[in-house]
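Residue numbers begin at 1 in each chain, while the letters A, B, ... track the order of the sequences.
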Amino acid sequence: MTDNRESIYDKIYKIVRQIPEGKVSTYGRIAEIVGGKTGARMVGYALNHAHLDETIPAHRVVNRNGLLTGKAHFHPPELMQQLLENEGFVVENDKIMNFEENLWPEI
DNA sequence: ACAATGACTCCTC
DNA sequence: TGAGGAGCCATTG
């Protein structure tokens, strides 16, 4: 927010935007990439503001279980699952089944 | 400055 | 196996 370096949100947005199509990532993973003291909660908090930016594929970010925890914040909530399924993901019971195979970044 | 909240994660029962 | 509580960092009132 302040002019101090890039806010953690800026970093998080950058990372999320770098997620290639057909891939997904987790909050904790992004937090690790961002480094610093940023925690998984901050990633989710940042994405909460991200919904204002269409360039941020927030639907590709799920919790470590692959569960669509943030689907309720979409317009409509089903949009998240739709987008994921549209990219070739198998979403069942609000959970991505093959997210581990398409997890990003590649370890 | 303090307390409360949140799209998380981990540990324990 | 499933449910509950604590820890975690940053933002907001």
Which whole-number value in Å describes the distance from A/H73 NE2 to B/dA7 C1'? 5 Å
Select from A/H49 and A/G39 the residue whose nearest nucleotide in DNA chain C is closer to the 5' end of that strand. A/G39
Which part of the nucleic acid, if any, lies within contact of A/I8, taking any heavy atom under 4.0 Å across all strands shown: a base, the sugar-phosphate backbone alone, or nothing? sugar-phosphate
Without decimals, in angstroms, what is the distance between A/E32 CD and C/dC9 P? 13 Å
Using atom CG of A/D10 as one end and atom P of C/dA10 as the other, report the distance to the nearest whole Å. 15 Å
Let me know the distance between CE of A/M80 and P of B/dA7, rounded to the nearest Å. 12 Å
Listed by chain and number, what are the side-chain contact (heavy atoms from CB on, under 4.5 Å) partners of A/V61, not counting sequence neighbours? A/V16, A/I19, A/Y27, A/I30, A/L47
N/O donor-acceptor pairs under 3.5 Å from side chains in residues 71-80 of chain A, not counting sequence neighbours:
unit_1 : atom_1 : unit_2 : atom_2 : d
A/K71  : NZ     : A/D94  : OD1    : 3.2
A/K71  : NZ     : A/D94  : OD2    : 2.6

Pairwise side-chain contact, A/H59 with A/Q82, heavy-atom cut-off 4.5 Å (strictly under): no
Separation of A/Y13 atom OH from B/dA7 atom C1', in whole Å? 12 Å
Could you list all the salt bridge (Lys or Arg N to Asp or Glu O under 4.0 Å) pairs where at least one residue sits in residues 30-42 of chain A, not counting sequence neighbours? none
Contacts of A/T26 that satisfy side-chain contact (heavy atoms from CB on, under 4.5 Å) - sequence neighbours left out: A/R29, A/F99, A/L103
Taking side-chain hydrogen bond (donor to acceptor under 3.5 Å, both in side chains) as the definition, give me every residue that meets it alongside A/R64, ordered by chain and number, with sequence neighbours left out. none
With B for base contact, S for sugar-phosphate-only contact and - for none (protein heavy atoms under 4.0 Å), nucleotides 8-13 of chain B reads BSS---
A/I12 CD1 - B/dA7 C1' separation (whole Å): 11 Å
Strand contacts (DNA chain B) in residues 83-100 of chain A, 4.0 angstrom heavy-atom criterion: none
Measure the distance from OH on A/Y9 to P on C/dT11 and round it to the nearest whole Å. 5 Å
Who are the side-chain hydrogen bond (donor to acceptor under 3.5 Å, both in side chains) partners of A/N86, not counting sequence neighbours? none
Over all strands shown, is A/A58 touching base, sugar-phosphate only, or nothing at heavy-atom distances under 4.0 angstrom? base
If we only count heavy atoms from C-beta on, is the A/Y13 to A/D53 side-chain gap below 4.5 Å? no
Could I get the full list of side-chain hydrogen bond (donor to acceptor under 3.5 Å, both in side chains) partners for A/K14, not counting sequence neighbours? A/E6
